[in-house]
Structures are given as C-alpha cells and as structure tokens.
Number of protein chains: 4
Amino acid sequence: MTQAINKRKSPRQERAQATVAFILEASAHILVERGHGALNTNQIAMRAGVSVGSLYQYFPNKEAIMTELIRQKRERMLTGVDMALADTEADLFEAALNAVLEVIIQLHLHWPNLALALDQAEAFLPLNDETIQFKDALKAKIEHLLCRSEFTVSEQTTQDVIAISKGMIEHAGLAGETDEVALRRRVIRAVMGYLSN
Amino acid sequence: MTQAINKRKSPRQERAQATVAFILEASAHILVERGHGALNTNQIAMRAGVSVGSLYQYFPNKEAIMTELIRQKRERMLTGVDMALADTEADLFEAALNAVLEVIIQLHLHWPNLALALDQAEAFLPLNDETIQFKDALKAKIEHLLCRSEFTVSEQTTQDVIAISKGMIEHAGLAGETDEVALRRRVIRAVMGYLSN
Amino acid sequence: MTQAINKRKSPRQERAQATVAFILEASAHILVERGHGALNTNQIAMRAGVSVGSLYQYFPNKEAIMTELIRQKRERMLTGVDMALADTEADLFEAALNAVLEVIIQLHLHWPNLALALDQAEAFLPLNDETIQFKDALKAKIEHLLCRSEFTVSEQTTQDVIAISKGMIEHAGLAGETDEVALRRRVIRAVMGYLSN
Amino acid sequence: MTQAINKRKSPRQERAQATVAFILEASAHILVERGHGALNTNQIAMRAGVSVGSLYQYFPNKEAIMTELIRQKRERMLTGVDMALADTEADLFEAALNAVLEVIIQLHLHWPNLALALDQAEAFLPLNDETIQFKDALKAKIEHLLCRSEFTVSEQTTQDVIAISKGMIEHAGLAGETDEVALRRRVIRAVMGYLSN
DNA sequence: CATGAATGAGACTTCATTCAT
DNA sequence: AATGAATGAAGTCTCATTCAT
C-alpha cells in the first residue's frame with residue numbers, strides 16, 4: 001500500500017492514474033536531465049502535459065512527488081532482491097549474491113542519474129521513518145543472503161557489504177560505466193574479499 | 001593554492017580575510033544544522049555577522065561560497081593524503097594505507113554532516129573541470145600508494161579502492177559511527193580483501 | 001418566496017431539493033466551524049455528499065450559495081417578526097416588542113456563529129438591491145411596531161431602535177451569551193429607555 | 001511596544017519606516033475602496049509604490065498587515081478615550097460621556113469604511129489574545145467612566161453600554177451618516193435611557 | 001568598504017469553474 | 001443529472017542580487 005500517506009486522493013479513474021504516472025515520469029526526466037535545481041512543479045506539470053492543478057490533486061506538494069519516486073525505487077529494489085533470492089537454491093551463496101547484485105546493478109545503471117538524483121534527494125526529505133524501515137528491510141534481506149555463506153555474519157558485516165556495494169555501484173554510475181557484468185564481477189570480488197579476510 | 005578565479009578580490013587585509021572565514025564558517029554551520037534548503041545568502045550573512053552586501057564583496061554569488069567550501073575540503077584531503085604518504089616509509093604498504101585512511105576518515109567523521117552535505121553539493125555545482133582535476137589528483141595519489149603494494153594495480157583497481165573506501169566512510173558518517181579506529185580497520189580489511197582476491 | 005433569479009433551475013424533484021438543502025447545510029456548517037476562509041466549493045460539495053458538478057447544477061457560483069443562505073436568514077427573520085406582530089394585540093406595545101425581540105434573539109442565538117458569519121458576508125456580497133429591500137421591509141415592520149407605542153416615532157427613531165437591538169444581540173452572540181430571557185429584558189430596557197427619554 | 005510580535009524586523013532607517021507607512025496606508029485604501037476581497041499583497045505593494053519583497057521584509061504575511069492596522073485603530077481608540085477622560089472633571093459624568101463618544105465617533109466616521117472593514121477583519125484574524133486584552137482595557141475604561149455617574153454599574157451594564165454605542169455608531173457608518181453631533185446626541189440619549197431605567 | 005533596504009523573477013499552491021464521461 | 005478529473009488564473013511568499021547611503 002504505497003499510496004495514501006503522501007497522496008491527496010487515489011486516482012480512481014484510468015485517466016487519473018495516467019495523470020499520476022505522467023507526473024512521476026516527467027519528474028524523473030527533469031531530475032535526470034536538468035537536475036534537482038530545475039525540478040519545479042510548473043515544469044513538471046508542463047512536461048507531464050497536465051496542469052499544475054492536476055498535479056496538486058494527487059500530490060500535496062513537491063516533496064510528495066520526490067517521495068513517491070523514492071518509494072517506487074525502493075519497492076523495485078526490495079522486490080527485485082526478493083525475487084533474486086527466491087530464484088536461487090538456498091545453499092548456493094555465490095549464485096545468490098550474483099543474482100542479487102545483478103538486480104541491483106541493473107536498477108542503478110539502467111537510469112544511473114535518476115538513481116543518483118534520488119539518492120541525494122533522500123537526504124533532504126523527511127521520510128525518516130520510511131527510510132529506516134527500508135534500510136532495515138534491505139539489511140534483513142542481505143543478512144539473510146549472507147547467512148547462506150560459510151562466513152560468520154554480524155550486523156556490522158552486513159552493513160559493510162551494503163556500503164561496499166553501494167559505493168562501487170554509485171561510483172560506476174557516476175563514471176558512466178555500462179558494463180554491468182564487469183561491474184558485478186568486481187563487486188563480488190570486493191564483497192568476497194571482505195568476507196573472507 | 002586557493003585560486004582567485006571565482007573570487008571578486010583576494011582579501012589582503014586581515015579584516016577581509018576574517019570576513020571570508022566567517023562567511024564560510026556560517027555556511028558550513030547552516031549546511032550542517034539545517035541542510036541545503038535552509039542555506040541562503042541572507043541567512044549566511046546574518047549568521048556570519050556581516051551584511052549581505054559584504055558577502056557579495058567577497059563572493060560573486062551563492063555558488064561561489066559552496067564552491068569555496070568544497071575546494072577547502074578537497075585541499076585538506078589532498079594535503080592530508082600527501083602528508084600521510086610522506087610520513088611513511090616507501091616500502092611499507094599497509095602502514096601507508098593505514099595512514100592515508102586515518103587522515104581521510106578523520107576529515108569525514110570530524111564533521112560528518114558537512115562532509116555529506118558538501119558531497120551532495122558537488123553533484124549540483126558546475127565545477128566539473130576542477131572536479132575532474134581533483135579526482136585525477138586523488139586517483140594519482142592512491143595509485144601511487146597502491147603501487148607500493150605487491151599487487152598488480154590497474155586504473156580500475158584504483159577506482160575500486162576509492163569507491164569501496166568512500167562508500168564505507170560515507171555510510172559510517174550517515175550511520176553516526178564515531179569509532180574511527182574500528183572503521184579504519186574494516187576499510188582496510190575490505191581494501192586488502194579486494195586487492196588480494 | 002425564495003426567488004429563482006440566481007438559481008439555475010428550480011428543483012422540482014425531491015432529490016434535487018434535498019441536494020440543495022444539503023449544500024446549504026454544508027455551507028452553514030463550514031462557515032460556523034471553520035470560518036469564511038475555509039468555505040470553498042469543493043469542500044462544500046464534499047461535505048454535502050455531492051459532487052462539485054452537482055453543486056454547479058443548482059448554484060451558478062459560490063456567491064449564490066452565500067446569497068441563498070442570507071436570503072433564508074432574512075426570510076426567517078421577516079416572517080418571524082410578522083408572526084410575532086400578528087400574535088399580539090394591536091394595542092399592547094410592550095407585549096409586541098417582547099414577542100418580536102424573542103423571535104429575533106432566538107434566530108441569532110440559536111446558531112450565533114452562523115448569524116455572525118452571514119452578517120459579515122452581507123458586507124461583501126453585491127446583493128445591494130435585495131439588501132435595501134430587506135432593510136426597508138424590516139424598518140417598516142419595526143416602525144409599525146413602534147407606532148403602537150405612545151411615543152413619537154420618526155424614521156431616525158426606528159433606525160436607532162434597530163441599531164441598538166442589533167448591537168446588543170450581536171454583542172451577546174459574540175460573547176457566547178445563552179440566556180435569551182435576560183438578554184431580551186436588557187434590550188427592552190435599552191429600547192424603552194431610548195424611546196422614553 | 002506595538003511592534004515586534006507580528007513584524008519581521010523593525011525598520012531602522014527612515015526610508016524603511018516610510019515603506020511600512022506606505023504599505024499600511026495602501027492597505028487601508030484598498031480595503032476602503034474595493035473591500036476585503038480585493039486586498040492582496042501584490043496590489044498592496046503596487047499601490048504603496050514598493051515591491052512585494054519589501055512588503056515581506058516588514059510583514060511576515062498578509063494577515064500581519066491587517067493585524068497592524070487593527071492594532072493602530074485600537075491604540076488610537078484607547079488613547080483617545082484616555083485623553084477624553086483626562087480632559088474632563090472627575091465629577092461631571094455627562095460631560096465625560098460626551099467627550100468619550102466624541103472621540104469614538106470621530107474615529108469611526110472619519111473613515112467609516114475602514115472602521116467597518118477592520119471590524120469585520122477582526123473576526124477572521126487569530127489575534128484573540130490581543131483582542132481580549134483590548135476589550136478588557138476598553139471595558140475597564142468605560143466602567144471607570146460609568147462609575148462617575150450616579151447609577152449602579154455592573155459588568156453587564158458596561159457591556160451593554162458598549163454594545164449599544166457600537167451598534168449605533170456602526171449603523172450610522174453603514175448608513176453614511178456624517179452629522180457627528182446629532183449621532184452623539186442620540187447615542188447619549190440611548191445610553192442615558194438605558195442607565196436610568 | 002560596509003550596510004541593509006529594496007527589488008522582482010519565479011516558485012509554490014489554491015480554488016472557482018468547466019467538461020468529458 | 002451526476003460525477004470527479006482537469007484547468008489555470010491568481011494569490012502568497014522567498015531569496016539571490018543590486019544599489020543608494
């Protein structure tokens with residue numbers, strides 16, 4: 001139930017749902033192409049092909065749009081990780097790690113600037129409760145993954161694995177890397193190296 | 001040396017230098033305490049105890065303030081790394097790595113929110129040339145450091161080491177970690193693990 | 001009779017009449033509870049349980065709703081006064097004054113905030129013709145009432161009696177008085193005092 | 001110290017004081033000529049011959065302007081009453097009543113629409129604390145005045161005298177009366193009639 | 001040089017009203 | 001008739017920057 005919290009009303013008719021989608025798409029595009037500073041409600045509405053009024057029917061303010069974008073990203077991430085974990089045999093650690101990283105890297109590199117822009121936005125927005133929940137959820141999943149390995153896993157270990165991966169993937173995004181396979185291989189190398197030392 | 005490219009005048013007199021310092025301090029404080037969104041020139045001037053007019057005597061626009069803050073951070077970082085490298089014997093890799101990380105971690109954790117805020121600001125500002133120069137300089141130094149080790153060092157390796165370290169240190173900053181020693185030990189573990197695999 | 005001048009259609013069917021009633025009630029409630037500033041057509045429609053579209057079937061614009069509310073208030077007042085006058089013997093002045101004030105006070109204190117809100121609204125709305133008619137009608141009735149007394153009655157006298165009564169009743173409404181009998185006694189004292197001096 | 005509470009900064013330089021004065025004047029004019037509904041910050045600024053920005057230097061929002069206008073009115077009223085009371089011999093009740101009413105009527109009829117507009121505005125604005133203080137202060141002064149008379153004075157009496165006077169004066173303002181002397185005579189007749197009955 | 005008042009473009013948001021379904 | 005999504009003019013307010021003193 002991603003809705004409701006920061007939305008004004010849930011779009012019942014198809015048209016309305018399309019409007020919401022347009023607004024979110026437009027916001028993402030602007031964020032990617034012209035950055036945070038150029039993101040304003042008039043631009044968003046214009047680019048989405050709707051009126052500002054419509055925008056405010058579904059989002060109480062500008063932040064709510066960012067928030068929803070971030071929520072979507074997080075949801076995609078969590079479900080992606082879940083699916084990756086579900087698709088791999090419980091006892092094959094490296095395969096699972098591989099699958100999980102494949103999903104995460106794909107999500108980041110597919111639209112690298114959006115991922116980056118949203119990461120930055122997270123710092124400003126007051127979605128702390130949700131942020132904590134998300135981080136906890138992700139941490140739990142990664143911990144679960146790491147427990148499939150032969151290594152001893154503490155909370156710190158999990159955090160570090162996340163930090164290492166995030167650091168490398170973001171760095172790659174910023175640097176304009178596109179070779180997902182190579183990146184994945186290097187992240188695995190780092191993670192395995194960290195775990196096995 | 002701090003270049004004068006984006007400055008209106010180099011403050012030769014003492015009072016002027018103090019003014020500049022006040023402005024930068026005030027900006028840093030606001031950034032840390034109330035975030036990017038609350039940083040505006042009137043606030044800065046007020047907090048710095050000067051008039052907006054004075055502020056514009058020393059900085060051509062708001063971005064220049066951020067830029068200068070970032071420059072200072074970078075300069076501290078590069079000189080810190082240089083000194084760390086200079087202080088260690090040329091053939092002791094781990095000692096050098098340790099020293100370098102000590103400096104970097106200290107810079108980050110001393111005022112974690114400022115480091116974070118400035119990192120984020122970098123993404124918005126159009127100081128690309130300088131940014132590239134800085135990244136190149138840092139990369140060169142780290143490459144230099146890594147070459148002291150027994151491992152084969154490619155550009156990719158250097159980048160990854162930087163990415164891993166940055167990821168972990170930022171993560172620690174966000175998480176409010178304060179134990180610099182423990183953090184350094186973990187970063188070293190990650191870097192060594194990555195290199196030796 | 002409620003005129004149809006400012007109405008789009010006279011609601012002959014029951015449901016339509018109910019809709020109109022709901023809209024007016026909702027408006028009154030919002031006015032009382034949250035004031036003039038919170039009164040907007042979307043809110044009214046929502047509170048009335050109809051759609052904005054329906055609202056605009058029965059009222060050409062927002063003002064028309066206020067106007068209708070004011071009309072109703074005036075109508076209740078004039079009929080109330082008429083009935084009070086009709087119910088009392090032609091030669092008993094004080095009894096008649098008493099009866100008239102009873103009606104008026106009741107109308108005001110029953111929903112004091114609505115009365116006040118509507119009084120204020122009157123000042124903004126361009127229903128001057130109707131307003132003049134109403135005032136004239138009321139003045140005529142009061143003059144008629146005063147003529148039952150032993151005192152000489154000029155137009156000024158009538159106006160003053162109205163002004164005094166209105167002033168005291170509104171003041172009581174604002175102050176949250178609820179003792180209608182005591183209020184009536186004091187108003188009578190003021191009016192009689194004025195007339196007999 | 002009327003300032004500070006609802007002001008952003010107090011104007012230190014002459015120019016700034018003039019700006020504040022212009023803004024208040026302009027607001028009063030608009031209020032009188034075109035009513036509450038036409039009062040918006042852009043109009044005010046334009047009419048005052050300053051920029052909106054300047055307006056917001058001295059008033060945090062639109063309401064603050066109205067508030068200040070109301071404060072001024074109240075202050076003029078209270079000081080006016082004080083002076084009237086001070087100017088009359090302590091034992092001459094009617095002379096004092098006369099003097100007080102003269103002041104109040106003058107304040108109202110001099111710019112009748114402004115007085116009315118502000119009275120209405122009072123109802124919407126959240127200056128309740130101040131409103132209560134003002135009413136108490138006025139009540140105290142009037143009570144003081146009434147105690148000079150031979151009549152027994154309760155709080156209710158005072159309230160009623162205020163209500164009667166206010167009702168009559170406002171009514172006169174609305175009706176466009178200009179003969180202050182005649183009005184005063186009638187108000188005195190009403191008040192004396194009420195007291196002596 | 002410093003001051004701080006003034007500026008105004010532009011961002012955010014509301015709400016009366018229309019109109020396709 | 002009813003619905004509720006869409007509209008956009010208009011209003012509120014901020015803040016980077018200028019400029020008279």
Side-chain angles (χ1 to χ4, degrees), chain A residues 8-9 11-20 37-46 49-63, chain B residues 9 11 13 15-16 19 37-46 49-65, chain C residues 8-9 11 13 15-16 19 37-46 50-65, chain D residues 8-9 11-20 37-46 49-63:
Chain A
R8 279 225 162 137
K9 62 179 168 191
R12 297 192 191 164
Q13 300 178 10
E14 267 183 54
R15 194 169 39 143
Q17 290 189 13
T19 298
V20 168
L39 190 76
N40 66 269
T41 51
N42 290 303
Q43 287 289 314
I44 295 172
M46 173 166 288
V50 302
S51 64
V52 228
S54 288
L55 189 155
Y56 279 94
Q57 295 255 346
Y58 301 107
F59 298 93
N61 52 46
K62 194 178 133 180
E63 285 184 359
Chain B
K9 62 178 82 171
Q13 297 155 31
R15 186 161 52 135
T19 301
L39 189 76
N40 66 268
T41 50
N42 290 295
Q43 285 287 312
I44 294 172
M46 170 166 288
V50 302
S51 64
V52 226
S54 290
L55 186 154
Y56 277 91
Q57 293 272 337
Y58 298 109
F59 296 92
N61 52 45
K62 191 182 153 183
E63 281 186 1
I65 301 175
Chain C
R8 281 222 167 134
K9 61 178 82 170
Q13 298 157 30
R15 186 161 53 137
T19 300
L39 190 74
N40 67 268
T41 51
N42 290 295
Q43 285 286 311
I44 295 172
M46 171 167 286
V50 302
S51 64
V52 227
S54 290
L55 186 154
Y56 277 90
Q57 293 272 339
Y58 298 109
F59 296 93
N61 52 45
K62 191 181 150 185
E63 282 186 1
I65 301 175
Chain D
R8 279 223 162 141
K9 60 178 168 191
R12 296 189 193 166
Q13 299 179 9
E14 267 183 54
R15 193 168 41 140
Q17 290 188 17
T19 299
V20 168
L39 190 76
N40 65 267
T41 51
N42 290 305
Q43 287 289 313
I44 294 172
M46 173 166 288
V50 302
S51 64
V52 227
S54 288
L55 187 155
Y56 279 95
Q57 295 254 347
Y58 301 106
F59 298 93
N61 51 45
K62 195 179 131 179
E63 285 185 358

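So that the names make sense, note that chain A is the first sequence line, chain B the second, and so on, each numbered from 1.
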Just how far is it from atom OG1 of Thr19(D) to atom OH of Tyr58(D), taken to the nearest 0.5 Å? 5.5 Å
Report yes if at least one side-chain N or O of Tyr56(A) is closer than 4.0 Å to OP1 or OP2 of dT13(E); otherwise report no. yes
Identify, with sequence neighbours excluded, every residue that meets side chain to side chain donor-acceptor pair (under 3.5 Å) alongside Ser54(A). Ser51(A)
Provide, to the nearest angstrom, the distance between the OH atom belonging to Tyr58(A) and the P atom belonging to dA5(F). 4 Å
Report all interatomic pairs (protein N or O, nucleotide N or O of nucleotides 7-11 of chain F) with separations under 3.5 Å.
from: dT7(F); atom 1: OP2; to: Ser51(A); atom 2: N; distance (Å): 2.9
from: dT7(F); atom 1: OP2; to: Ser51(A); atom 2: OG; distance (Å): 3.2
from: dT7(F); atom 1: OP2; to: Ser54(A); atom 2: OG; distance (Å): 3.1
from: dG8(F); atom 1: N7; to: Gly53(A); atom 2: N; distance (Å): 3.4

Rounded interatomic separation in angstrom, taking CD from Glu63(D) and C1' from dC13(F): 14 Å
Whole angstrom is fine here: how far is it from CD in Gln43(A) over to P in dG10(E)? 11 Å
Judged by nearest nucleotide, the residue sitting upstream toward the 5' end of DNA chain F, Asn61(B) or Arg15(C), is Arg15(C)
Consecutive-pair stems (at least three Watson-Crick or G-U pairs, under 3.5 Å) that include DNA chain E: E:2-21 with F:2-21
Distance check needed: dT7(E) C1' versus Met46(D) CE, whole Å only. 13 Å
Rounded to the nearest Å, what distance is computed from the CD1 atom of residue Ile44(C) to the P atom of nucleotide dT17(E)? 11 Å
In chain order, what residues pass the side chain to side chain contact (heavy atoms under 4.5 Å, CB included) check against Thr41(A), with sequence neighbours excluded? Val52(A), Leu55(A), Tyr56(A), Lys62(A)
